[in-house]
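Have a look at the structure below before the remarks.
Every heavy atom of this structure was used, including side-chain atoms; hydrogens, water molecules and symmetry mates were not. Numbers restart at 1 for each chain; the letters A, B, ... are given by sequence-line order, proteins then strands.
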Amino acid sequence: MDSVENVESTYSGNDVEEEVQEFWKRQEIYRKAKERRSGNRAYFFVDGPPYTTGYIHLGTAWNKILKDCILRYRRLQGLDVLDRAGYDMHGLPIEVKVEHRLGFRTKKEIEAFGIEPFIEECRQFALKNKDVMSDQFRRLGVWLDFEDAYQTLAPEYIEAAWWTLKRADEKRVLEQGYRVVNWCPRCETAIADAEVEYEDVSDPSIFVKFPLKGKEDEYLVIWTTTPWTLPANVAVAVNPQFVYARVAATKEGDEEILWMADDLVDQVLRKGRYSDFRILSKVLGSEMSGMEYLSPLAMRVPRQKKIPHRVVMADFVAMENTGIVHIAPGHGWEDYVLGLKEGLEVFCPVDESGHFTDEGGAYAGRDVHEVNGLVIADLGDHLLARGEIVHRYGHCWRCKTPIIYRATQQWFLRVSELRERMLEEIERVRWFPEWAGSARFHDWVKEARDWCISRQRYWGIPIPIWQCRSCHSYTVFGTLAELSEASGTEVRDPHRPYVDRITVPCRCGGTMERVQDIFDVWFDSAVASWATLRFPARREEFERLWPADFITEGQDQTRGWFYSQLGASIIAFDRSPYRSVLMHGFALDAEGRKMSKSLGNMVTPEEIISKFGADVLRLYVLSANAPWDDLKFNLEGVRTIHRTLNVLWNVYRFPLPYMILDRFSPPAMTEGVWDCMAMAKELPRLPEEDRWILSRTASLVREVEGYMESCELHRATRAIMHFILEDLSRWYIQLIRSRMWLEEDVPEKGQAYRTIYYVLRYLALLMGPITPYLAEKMYMNLKMAHDPESVHMLDWMRPDEAFLDPVLEEDMEVVRQFDDAVAAARQTARRKLRWPVAECIVSTGDPIVRRAIARLNRICTCRANSRRVILADSPWEGLGWRAIAQMKTIGPAFGKDAPRVKEAIERADGKVLREVLAGDGATEVHVGDTAVRIGPAHVAFDEVLPEGFTSANMKNATVYVDARLTPELEGEGYAREVIRRLQEMRRQLNLSVEDFILADVEIDDPRVSSLVNDGWREAIMREVRARSLKILPAGSDIMSLSSHELQQEWDVDDILMRTGISRSASPS
RNA sequence: GGGCCCGUAGCAUAGCCAGGUGGUGCGCCCGGCUGAUAACCGGGAGGUCAUGAGUUCGAAUCUCAUCGGGCCCA
């Protein structure tokens, strides 16, 4: 494998990414990876289109990373993945941005500027941002088709929306109606429920007296936070179930009669500062039906004089405020519905811009917010109380203007009629997590209201309805061709204002013109699943692929894209447009708060990438938590991930120099193609640690597969990281280091090369979907000449069953615990790992521990740096015991002799006493001249370690370490101290692995010097690759030291050592 | 006010569905290793499992209520 190269000593995500990006681009890897799967079983993914506002935030990045990870995985599995990216490019947000840029504040300014130049500005804005965002996504390593992204502004896309509306009309769910809608007075348009954002605001909170018709000083008391809607009042509602009181209330000597809910009398009158009251009578709400009253604003709003105000029944009236609700069907949804039921007049004296019309009488021309104050003033004595209230109020999602409710003429889709079908379809979809569908989405759809799809704006898909000026009949055009044919005009660009100019002759002889409205922008993305297949212009792909196999978006899209798509799809095809959905969480800051510009806690993907690289960001967001939980961004967590990838980098580069030195070549099937099956053949001959890591690898692949199937990406990534850190870095690599250093060409070295090569190839494959750059970089260096060009072109391979060895994995786990226990026992003994010990005893009754320690004894001995590792029963017979008198039982039993019994017990040989008690159950001790009988209850025993031993516990066993030194052990200990210093100096001279040196050592202790020299000189020379070495007591040969290139002094456990080394000139 | 989700050491997370000794990582303290080396490893301290009540022999886990956070709605 002469292609393997050494790599930089530290992992730099950005360097790797730059190189890999360059490779992908030069070799057109993305195209090739797709082509490789072309024609295979299809996997149809639909990208939820981000809105083209120009920057991506952490949540957007997370969203695309999730998509990319899953799609890369599917592609490795051989599926032909349809991965067209998409962009949402119409709508109010862009209009608002462009308005800001042009300095406009009203629609009139836009009209004056001209719709044509205005929408062209919008188009340019969207197109530019689309490209910026695509570049940002690419940098994240996201492989979606950005070249051919679907764009909601494209004519073919617009056609899909038109076609869908035509279906709605055919199915008779399209309706034109006069209804109350959310209205933004700044944007002068209806907005959808989904476009309303709720924020806390302070509003007036007023209690108003409505005079009863034909009565003197008798009133119904209502409460409202929108005084400006009082000029449009036509009724009040009471709850038929509630008890209402007729109260005589006194204030400043005057008495008046007030009606309100009985339970609320106290608090209302307190607010109105009444000094006294008495209840005259009580009635049920239902009995108040039909009572008539007058508007207190009749003098200001002439229209009010003609309105027959009355009391109506409504179940939605709550026991709050006064229990009587002011009803203005022109300005409230519930009011409007109630009005329909009761046949109330819909009075709406407010225009598009939120100003009162002439019908508003004294308020004509005034803004609603201004009218709030005027109304309060005009109410005069009819104002019972006033205050301020902070409550949630709806605002326009784009311009943040408080919305108002207005009754207007709009186009609707009667979604409420489709509710049952939608609920049925939800159950057929596979949801991740399950409750996203069964609970959350289900509950939302259950409440679904009709969808107002018309907007009185410019930048959007024009509603393809042409209506006759004379007879008012209308036609919905489903395609551009239909429109061309009917109008005799070629449709170049189906946007406003171009399509507005097209007229169609009506059957009645009149002329049809397009209705002025454009679509709600949510309707654009609602048709994405077929628009992205270029339906209806093309049918073949639609027939073959639709509905989508998978989509994934944030939890906010429950009411957004999950919903709009389902609604549109039920209308168009009567079935769900997606088969499975992963609902992911929101990106929050480290405190769990929403990221927002105003809070200043935004974290941009760029800042993370520039510091750590895209792979680190990817692995972080994928592993930090379950996809459906909110992501609490934590920089420390990102750093930890970076460290993990650095460990992977070290693991990967560790064997490379040795492989290069030995000209290692992986087993090949045919010339230059790796034979991944070869490993299985030599499996029985491999050392245990190799078979173990191969088993772990096989287990890991299975584990990852399972987690990927259930979208548990956090578990998949954590399993991989655990493997890298625990199994590979902290264990396997440690076990095979010495095998890598072997000079001779021995079989176990080749086996180690082949094994680690195999593991790294698999790891690169597994990590392809997660860290596509690093995986590619590893693969580029490891692959053989005729292997697939890219790690992303490999086929998912599941290792042979034969590799799985659960017993071996279990045994190795025991050994790792043993290893930890030995380290702990050594720490107690203050015996460094470098120093050998004579013996480790594993005392246990557990058959698994016994099996493991026996079978993997070679590894135990080596890891423990012990001459022997042996098994012993539990408790270990080498232990001593100290008898401890149990005064709780001795006291009552022996009375005043107790202290002397205690003394006798503790004087006895604990070990003997214990054996006797265990055997006979009782024995005698001598107290003075008499012998007394004692039993097990009177004595407890403490372990006593033999001199020089320490111990530590592991699971189901105790490890005893004999840390006593012998001259032989001491010699090796010091020898290893010498080796370590000479190696350190080699490093300082920057020598490479194969260089030789000349070395000399002076030890300031004649005994130690001769111990090391006599037994270990040759071994030291071998280890440090020395051609010559003198080991002498201090002062014997200073000249030899001073001649060296590098000299150093060391303090080794209070013994002074001087060392000197030089490069050996002779070639190796 | 309603629906869904979340709350476990300084921080982040596992365990919860199927009740029985609360794991892990980072950080911190102490030590080790040194041919992966501006790395790596071991040990230790650190927890009212948000709060309160209930079910149970036994609750982080099941139930209810409350508090805090998130998304969505009214």
Side-chain angles (χ1 to χ4, degrees), chain A residues 7 9-11 193-194 196-198 316 318 320 333-334 391-394 433-444 446-447 449 554-560 562-563 583-594 620 623-626 628-641 643-644 646-658 714-715 718 721-722 725-726 728-731 733-734 737-738 740-741 819-828 830-835 865 952 976 979-984 986-987 991-995 1023-1025:
Chain A
V7 295
S9 63
T10 347
Y11 167 65
D193 291 341
V196 178
E197 282 180 356
Y198 291 83
F316 64 74
E320 290 166 354
W333 173 252
E334 285 180 323
H391 65 158
R392 309 269 286 167
Y393 191 81
E434 191 274 331
W435 50 259
S438 67
R440 184 175 260 224
F441 193 38
H442 181 273
D443 289 356
W444 163 254
K446 212 169 58 188
E447 306 294 326
R449 291 200 291 177
Q555 51 188 322
D556 55 328
Q557 296 304 327
T558 302
R559 71 160 188 182
F562 299 159
Y563 175 70
M583 185 200 76
H584 67 76
F586 251 59
L588 310 176
D589 73 5
E591 277 76 53
R593 289 180 199 289
K594 198 167 147 174
Y620 172 73
S623 65
N625 49 259
W628 43 83
D629 284 336
D630 289 341
L631 172 74
K632 280 188 227 164
F633 185 84
N634 178 277
L635 196 61
E636 200 48 53
V638 177
R639 287 201 191 98
T640 304
I641 296 295
R643 237 162 301 170
T644 303
N646 192 37
V647 171
L648 172 60
W649 184 259
N650 283 330
V651 163
Y652 148 68
R653 77 190 186 88
F654 161 73
L656 300 181
Y658 308 106
H714 59 310
R715 291 183 197 272
R718 286 172 190 179
M721 290 194 288
H722 186 270
L725 294 174
E726 291 296 327
L728 256 190
S729 167
R730 289 178 195 166
W731 199 242
I733 294 291
Q734 304 310 323
R737 286 166 87 129
S738 55
M740 294 271 160
W741 306 335
D819 189 52
D820 290 349
V822 169
R826 277 176 168 274
Q827 198 162 319
T828 319
R830 304 181 144 274
R831 184 71 68 238
K832 300 179 207 174
L833 190 55
R834 204 182 294 146
W835 287 64
N865 191 16
R976 289 182 66 160
I979 289 166
R980 136 111 185 83
R981 265 80 189 179
L982 293 176
Q983 298 288 29
E984 168 63 22
R986 282 184 63 110
R987 195 177 68 82
L991 299 185
S992 79
V993 179
E994 66 267 32
D995 288 332
E1023 280 290 312
V1024 302
R1025 293 176 74 87

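A donor-acceptor pair is defined here as one N or O able to donate and one able to accept, closer than 3.5 Å; such a pair exists between the side chain of A/His584 and the backbone of A/Gly554. Panel note: side chain A/Tyr11, backbone A/Thr644; no donor-acceptor pair is recorded below 3.5 Å. A donor-acceptor distance shorter than 3.5 angstrom exists from the side chain of A/Arg826 to the backbone of A/Lys832, with no hydrogens or angles considered. A/Gln555 contributes no side-chain N or O that, together with a main-chain N or O of A/Asp630, makes up a donor-acceptor pair within less than 3.5 Å.
You'll find that the side chain of A/Lys632 is closest to B/U13, out of B/C72, B/C71, B/U13. Checking B/A14, B/U34, B/C26 against the side-chain heavy atoms of A/Thr640 singles out B/C26 as nearest. Of the candidates B/A12, B/U13, B/A39, B/U13 carries the atom nearest the A/Arg718 side chain, counting heavy atoms from C-beta on. When each of B/A39, B/G70, B/G43 is scored by its nearest atom to the side-chain atoms of A/Gln555, the top-ranked nucleotide is B/G70. Looking at the side chain of A/Glu636, the nearest of the listed nucleotides B/G70, B/C71, B/C26 is B/C26.
The base of B/C33 lies outside donor-acceptor range of the side chain of A/Arg980, with no N or O pair under 3.5 Å.
Nucleotide B/U13: paired with B/G23 (Watson-Crick or G-U wobble, both distances less than 3.5 Å). Base pairing analysis places B/G1 opposite B/C73; the two distances defining the Watson-Crick or G-U wobble pair are each below 3.5 Å. Under the Watson-Crick or G-U wobble criterion, with both distances below 3.5 Å, B/U55 is left unpaired in every strand shown. For B/C67, the paired nucleotide is B/G7, the pair qualifying as Watson-Crick or G-U wobble because both relevant distances are below 3.5 Å. Of all nucleotides present, none satisfies the Watson-Crick or G-U wobble test against B/C33 with each distance under 3.5 Å.
Distance, A/Ile733 CD1 to B/A39 C1': 14 Å, rounded to whole Å. When the C1' atom of B/G25 is taken as reference, atom CG of A/Asn625 falls 14 Å away, rounded to whole Å. Look at OH on A/Tyr563: it is 19 Å from P on B/C4, rounded to the nearest Å. Across the protein-nucleic acid pair, A/Trp435 atom CH2 and B/C4 atom P stand 11 Å apart, rounded to whole Å. As rounded to whole Å, 15 Å separates atom P of B/C40 from atom CG of A/Leu728. For the pair A/Arg643 CZ and B/C40 C1', the computed distance is 12 Å after rounding to whole Å. The distance from atom CG of A/Leu631 to atom P of B/C71 is 13 Å, rounded to the nearest whole Å. Note: CZ (A/Arg730) to C1' (B/G32) measures 14 Å, nearest angstrom.
At B/U24, none of the side-chain N or O atoms of A/Arg715 fall inside 4.0 Å of OP1 or OP2 (strictly under the cut-off). Using a 4.0 Å cut-off, some side-chain N or O of A/Arg834 falls inside it from OP1 or OP2 of B/U34.
Residues A/Met583 and A/Phe441 fail the side-chain proximity criterion, which asks for heavy atoms closer than 4.5 Å. Residues A/Trp835 and A/Arg976 fail the side-chain proximity criterion, which asks for heavy atoms closer than 4.5 Å.
At the heavy-atom level, A/Phe441 lies nowhere under 4.0 Å from the strands shown. Nucleic acid contact for A/Glu447: none, since no nucleic acid atom lies under 4.0 Å from a heavy atom of the residue.
Of the two residues near RNA chain B, A/Thr558 and A/Ala624, the one whose nearest nucleotide lies more 5' is A/Ala624. Where A/Trp835 and A/Tyr620 each meet RNA chain B at their nearest nucleotide, the meeting point lying more 5' is that of A/Tyr620.
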